[in-house]
Colleague: 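Handing you a structure now.
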Amino acid sequence: GGTTTGAGGSGQAGSGVVNVTPSDAPTTFACDGTLRPPMDQLRPLSTAQVQNTLLDLLTWAMASSSTASTILGEVAAPMSSLPGNVPIVPSNVVDFVTSFPDGGWLRADQDPQFTRVQAYYNIGVAIGQAVTNSSARMGALVGSCATDSSTSNDATCLASFIPRFGARALRRPLTSDEVTFYTGIYGSSTTASAAAYADVVAVMLNSPDFLYLVEHGDQPVAGQTGVYSLSPYELASRLSYHVWDTMPDDQLWQAASDGTLLQDTVYQAQVDRLFAAPRARATMHRFFQDYLQVNGTGGPRGTGGLNYHDLTSRVGTPIFTAFAAANLPTASTYQNMVADAIGMLDYFTWTVPGTIHDLLTSPLSFAPAADVAGIYGAPVWDGTSAPPALPADQRPGLFTRALVVAAGVNSAPILKGVYLRRYVLCDTIGRPPPAAANVTVALSTTQTTRRVTEAVTASAACSGCHVPYLNPLGFATESFDGLGRFRTMETLYNTDGTVATSLPVDTTSTPHVMMGDDVTTAAGAADVMRLVESSHKPEACLARNYFRYTFGRFEDVSLDGCSLEMIRKTLDNGGHLVDMLKAVTQTPAFKRRAFQ
């Protein structure tokens with residue numbers, strides 16, 4: 001064969017961290033309201049949040065969405081230099097390498113770096129110049145007092161602009177000291193000056209209060225030392241950036257300004273309004289992408305996210321050409337697989353509110369293009385009518401979709417087992433032994449992928465985790481080939497692309513969904529998904545994943561137990577996915593900050 005995959009797939013090779021005994025993840029979380037949650041971090045806006053905020057701020061300031069879009073187009077060059085996002089990492093490195101060695105959950109890089117500072121400086125300067133480079137734009141931004149022939153109103157014009165624009169840019173009213181500071185940036189003269197106004201805008205857009213979610217709420221929470229309630233403006237920003245990835249709009253800003261946002265009924269109405277808007281769907285795509293690990297950030301399948309092999313890298317080779325046949329992938333196939341998986345999450349979140357049961361067992365296809373639909377043997381879904389159904393029990397739920405099971409020529413059962421164990425069940429699995437990354441599962445001309453995998457992982461060093469906990473979950477999906485096509489036989493190829501033989505696939509296993517269960521067997525993917533559902537691990541695991549996305553850090557199952565349990569309980573007894581998304585905004589942690 002011509003393809004190899006790392007047999008060590010449960011983590012990184014090397015020494016320095018002790019192995020950890022595999023253990024079941026909790027299915028519920030204990031809530032002790034007296035415990036102080038872990039300390040918050042000063043969270044920078046993500047790249048998308050900066051871009052969205054600039055568009056909305058300019059739309060508000062210039063009273064024109066088209067003008068705002070034009071300005072951002074004019075500053076496209078400095079905007080393109082914004083640094084990329086990075087995966088969050090648990091503070092406990094032992095937990096990281098044993099439970100979550102592949103990272104994920106993107107956020108803005110918090111490490112100080114010149115390129116980051118320079119990028120924001122260049123963006124601020126460019127936007128300052130763009131919003132003041134004509135009389136029309138100056139008039140829209142500052143007011144007619146900045147463009148008329150009179151100089152008698154210039155001081156008043158400046159005194160009005162700084163607190164008005166500054167409050168929306170910094171997402172809270174300016175203090176008197178800040179007004180004095182920005183007036184000083186303008187200069188010693190108050191005469192209307194485009195260059196001086198440009199300087200003020202540039203400095204405001206480089207303020208930490210613009211680039212970070214800076215919180216100073218000072219109302220102590222009873223019984224929790226070092227924990228404080230957020231101010232109305234801070235709560236408005238948390239809510240808006242969580243649901244819309246941008247600054248508060250006029251309605252949310254007004255509720256913060258008059259203080260009514262702290263009233264439960266007003267707050268809930270704002271939560272419902274934001275989640276009902278189309279922007280919420282776009283923002284939640286970021287959560288879905290992080291959950292599916294498709295951003296190429298060291299996800300469960302390496303640097304390519306779920307699709308750990310580039311599906312097009314072997315196009316043209318004899319084996320891959322023969323293997324793919326009519327389903328030869330193109331440059332857009334991977335993204336179409338992503339769209340198919342996110343289409344299911346979208347559908348069961350917004351269109352037909354669904355449950356964990358739907359995610360794990362639905363036979364509906366959401367393939368948006370002919371390449372993925374061809375893999376499924378189903379019609380293309382048009383995005384609006386009823387999704388076509390696949391044969392019952394053939395491809396149950398989200399985790400048998402092409403995005404999850406396609407891996408190139410090899411079906412990669414180890415890596416699929418790792419993904420299910422980590423990101424669907426949230427179980428703890430040990431670190432592989434040193435040099436595990438150097439062991440490969442090679443294509444064979446005489447043995448199925450399952451048999452080769454069993455042989456490679458049979459050693460004493462590997463079998464403790466692979467045989468009971470990793471391989472069986474992957475073997476259940478051997479009914480799908482390396483492109484995600486359903487099969488009952490595995491075709492093996494010679495190096496010239498000719499067929500060597502065809503052997504029946506074996507999808508039976510003892511999956512150990514509950515790690516102590518050495519008895520229950522499964523005939524294939526449908527049985528495994530039913531066992532996964534009955535374990536109640538997915539509800540708790542999804543709650544943990546959503547917590548990471550929301551708070552930009554990994555959870556502490558003890559100190560964060562109250563928040564985790566509130567989120568998890570919304571999925572109990574057939575609870576809808578959209579209710580889970582809203583539930584995090586009701587947790588005490590969402591409305592508070594914890595600083596030493």
Colleague: Strictly below 4.0 Å, N to O, side chains only: are Arg530 and Asp527 in salt-bridge contact?
Modeller: yes
Colleague: Has the side chain of Asp24 got a donor or acceptor atom that lies under 3.5 Å from a matching backbone atom of Met514?
Modeller: no
Colleague: Side-chain contact test, heavy atoms from C-beta onward, threshold under 4.5 Å: evaluate it for Leu205 versus Leu57 and give yes or no.
Modeller: yes
Colleague: Regarding Arg279 and Asp249, does a basic nitrogen lie under 4.0 Å from an acidic carboxylate oxygen?
Modeller: no
Colleague: Applying side-chain contact (heavy atoms from CB on, under 4.5 Å) to Met79 and Ile123, what does each step give before you reach the verdict?
Modeller: CA-CA 6 Å; Met79 288 288 289; Ile123 290 168; 3.8 Å; yes
Colleague: Just checking Tyr212: does its OH atom have more than 12 heavy atoms from other residues, nucleotides or ligands closer to it than 6.0 angstrom?
Modeller: yes
Colleague: Does the pair Val532 and Leu420 meet the rule for a side-chain contact (heavy atoms from CB on, under 4.5 Å), with working shown?
Modeller: CA-CA 9 Å; Val532 167; Leu420 290 174; over 6 Å; no
Colleague: Which pair of non-hydrogen atoms, one from Leu230 and one from Leu262, has the smallest distance, and what is that distance?
Modeller: O-CD2, 4.2 Å
Colleague: Are Trp253 and Ser240 close enough that some pair of their side-chain heavy atoms sits under 4.5 Å apart?
Modeller: no
Colleague: If you define the side chain from C-beta out and look only at heavy atoms, does anything of Tyr120 sit under 4.5 Å from Arg116?
Modeller: yes
Colleague: Taking the six-membered ring for Trp and the full ring for Phe, Tyr or His, determine whether the centres of Tyr546 and Phe287 are under 6.0 Å apart.
Modeller: yes
Colleague: So do the side chains of Phe29 and Glu555 get within less than 4.5 Å of each other, counting heavy atoms only?
Modeller: no
Colleague: Compare every heavy atom of Cys562 with every heavy atom of Gly33, then report the nearest pair and how far apart it is.
Modeller: N-SG, 3.8 Å
Colleague: Begin with the C-alpha distance, continue with both residues' side-chain angles, and end with the deciding distance and a verdict on side-chain hydrogen bond (donor to acceptor under 3.5 Å, both in side chains) for Arg286 and Gln289.
Modeller: CA-CA 5 Å; Arg286 183 162 64 88; Gln289 289 168 346; over 6 Å; no
Colleague: Flag yes if more than 12 heavy atoms outside Asp264 fall under 6.0 Å of its CG atom; otherwise flag no.
Modeller: no
Colleague: Does the side chain of Phe348 come within less than 4.5 Å of His576's, by heavy atoms?
Modeller: no
Colleague: Do the side chains of Val214 and Arg172 get nearer than 4.5 Å, heavy atoms only?
Modeller: no
Colleague: Could you check Asp56, Thr283, Asn52 and say which one makes a side chain to side chain donor-acceptor pair (under 3.5 Å) with Thr246?
Modeller: Asp56
Colleague: What I want to find out is whether Glu234 reaches Arg593 closely enough, with some N-O distance under 4.0 Å, to be called a salt bridge.
Modeller: no
Colleague: Return the minimal non-hydrogen interatomic distance between Val528 and Ala522, and the atom names on each side.
Modeller: CG2-CB, 3.7 Å
Colleague: If you round to the nearest 0.5 Å, how far is OG1 of Thr355 from CG of Leu577?
Modeller: 7.0 Å
Colleague: Evaluate the ring planes of Phe590 and Phe551, with Trp represented by its six-membered ring, and classify them as parallel (under 30°), tilted (30 to 60°) or perpendicular (over 60°).
Modeller: perpendicular
Colleague: Using the side chain to side chain contact (heavy atoms under 4.5 Å, CB included) definition, which of the options Val424, Thr27, Leu542 pairs with Lys537?
Modeller: Thr27
Colleague: Work out which heavy atom in Arg171 is nearest to a heavy atom in Pro248; give both atom names and the distance.
Modeller: CD-CD, 4.1 Å
Colleague: Can a donor-acceptor pair be found between the side chains of His536 and Asp572 at a distance below 3.5 Å?
Modeller: no
Colleague: Find the distance between CG (Leu470) and CZ (Arg422) and round it off to the nearest 0.5 Å.
Modeller: 8.0 Å
Colleague: With side-chain contact (heavy atoms from CB on, under 4.5 Å) as the test, would you mind laying out the steps for Val405 and Ser411 before giving the verdict?
Modeller: CA-CA 7 Å; Val405 297; Ser411 54; over 6 Å; no
Colleague: Examine distances only and state if a side-chain atom of Asp427 and a backbone atom of Ala25 form a donor-acceptor pair shorter than 3.5 Å.
Modeller: yes
Colleague: Answer yes or no: is there a donor N or O on one side and an acceptor on the other, between the side chain of Arg401 and the main chain of Gly484, under 3.5 Å?
Modeller: no
Colleague: side-chain hydrogen bond (donor to acceptor under 3.5 Å, both in side chains) for Gln268 and Asp272? Distances and angles first, verdict last.
Modeller: CA-CA 6 Å; Gln268 187 58 55; Asp272 292 339; 3.0 Å; yes
Colleague: Between Leu292 and Leu345, is a side-chain contact (heavy atoms from CB on, under 4.5 Å) present by the stated rule, with each step listed?
Modeller: CA-CA 10 Å; Leu292 291 170; Leu345 286 162; 3.9 Å; yes
Colleague: Give me the atom names and distance for the closest heavy-atom approach of Thr510 to Val519.
Modeller: CG2-N, 4.3 Å
Colleague: With heavy-atom distances below 4.5 Å as the criterion, would you say the side chains of Ser23 and Thr428 are in contact?
Modeller: yes
Colleague: Rounded to the nearest 0.5 Å, what separates atom OG1 in Thr400 from atom NZ in Lys416?
Modeller: 10.0 Å
Colleague: Measure the shortest side-chain to side-chain distance between Arg43 and Tyr241 over non-hydrogen atoms and say whether it is less than 4.5 angstrom.
Modeller: no
Colleague: Between atom OG of Ser231 and atom CD of Gln219, what is the distance when rounded to the nearest 0.5 Å?
Modeller: 10.0 Å
Colleague: What are the two closest non-hydrogen atoms of Ser534 and Leu531, and how far apart are they?
Modeller: OG-O, 3.0 Å
Colleague: Sub-3.5 Å donor-acceptor pair from the side chain of Arg568 to the main-chain atoms of Glu539, do we have one?
Modeller: no
Colleague: Is a donor on one side and an acceptor on the other found under 3.5 Å between the side chain of His512 and the backbone of Pro468?
Modeller: yes
Colleague: Relative to the ring of Tyr291, is the ring of Phe399 parallel (under 30°), tilted (30 to 60°) or perpendicular (over 60°)?
Modeller: perpendicular
Colleague: Please check: side-chain N/O of Thr361 versus main-chain N/O of Pro396, any donor-acceptor pairing under 3.5 Å?
Modeller: no
